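Remember, predicted model here, so these are calculated numbers, not experimental data. Residues: numbered from 1 along the sequence shown. Counting starts at 1 for both ligands and their atoms, following the listed order.
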Amino acid sequence: MRFIKLGLLICLLLGFVVPMAQAQDGGEGLTIGFSQIGSESAWRTAFTEAVKAEAEARGINLLFSDAQQEQENQIAAMRAWIAQGDVDAIVLAPVVESGWDDVLQEAQDAGIPVVIVDRNVDSDPDLFVTRVSSDFVHEGRLAAAWLVQATSGQCNIVELQGTVGSAAASDRQTGFNEVIAMFPDMKIIRSETGNFVRTEGKQVMESFLSAEDPANICAVWAHNDDMAIGAIEAIKEAGLVPGQDILIVSVDAIPDIFDSLDAGEANATVELSPFMGAPAFDAVVAHLNGEELPKWIPVAGKLYTSRAAYDADH
Ligand code: GZL
């Protein structure tokens, strides 16, 4: 025993440092908790499936939690993973921006790195490794710029907002409003949340059509395609022609919106890639291997007016 201690002492004196456990390139063998918001939209479901498939392909042991749109469920899942003691990292898709400081601090205190995906948190950036997401403000700008050119800068717009308090909703609104503010005859005349949900988008659109003379509504700006498709149903049931009587612009580029675009019932959608699992897992591996990472890893998306144009890019 004495010789072992002496050997260790010599190693330490000679500067041999036992290397930290290095994560394999793709993350094989890691246990990662993925806290997902829910399944409120077709895009969210596609995002979940893409992350699970990526984890499977990499040999990552993915612990998955569907929070059913409740922040408290996300926090509970994270706390369970922290307590479990063998979770190497957490990937968090936060439902809203605020209320994450404590659990992020607890994860950091437990030595568990957190990567944010998709929506943002308003916590101190030192509390998470990085954020993988699209640029929501840019998405709003693209949608508004398209509508300005489609209407020559004259349009009364009704807005279907996403989840109140979410970065996706507030930032898309910011970007859209920045652009239309340059055009005095581009006006938002009604705005209400449909929570990114198709049925709620339809219900809110029905209320807009009751409250306004439909002839006074030039366009729908929906923060996601699911609510846009709900609005299309409401417009048709009101005897109007979506895509012509009332223009439709939204975000996500889900398969169903391309059916509407090609039927002439919608006009434009801004792509939001669901494939954020790979950059998120790469960030976990890089961090575990001691690499410095930027605080934001952007995922790009373009505006499309047809499936053919989208397919030409993918
Ligand atoms: C935005 C994302 C939004 C999608 C919706 O990145 O958080 O949430 O646009 C989803 O479809 O509900």
Compute whether any side-chain donor of one residue and acceptor of the other, for Ser98 and Asp122, lie under 3.5 angstrom apart.
-> yes
Non-hydrogen side-chain atoms of Leu261 and Ser306 separated by less than 4.5 Å = no
Out of His138, His223, Glu159, Glu139, which residue meets the side-chain hydrogen bond (donor to acceptor under 3.5 Å, both in side chains) rule with Arg172?
-> Glu139
Please check if Val132 and Leu288 belong to a single hydrophobic cluster, counting links between Ile, Leu, Val, Met, Phe, Trp and Tyr side chain heavy atoms closer than 4.5 Å.
-> yes
Mind jotting down which residue pairs meet the salt bridge (Lys or Arg N to Asp or Glu O under 4.0 Å) criterion with at least one end in residues 271-298? Sequence neighbours excluded, please.
-> Arg58-Asp282
Asn195 and its side-chain hydrogen bond (donor to acceptor under 3.5 Å, both in side chains) partner, picked from Gln161, Glu200, Glu40, Gln69 = Glu200
Might you list the protein residues in contact with ligand 1, defined as having a heavy atom under 4.0 Å from one of its atoms, sorted by chain and number?
-> Glu40, Ser41, Trp43, Arg44, Asp118, Arg119, Phe136, Ala168, Arg172, Phe196, Asn224, Asp252, Leu272
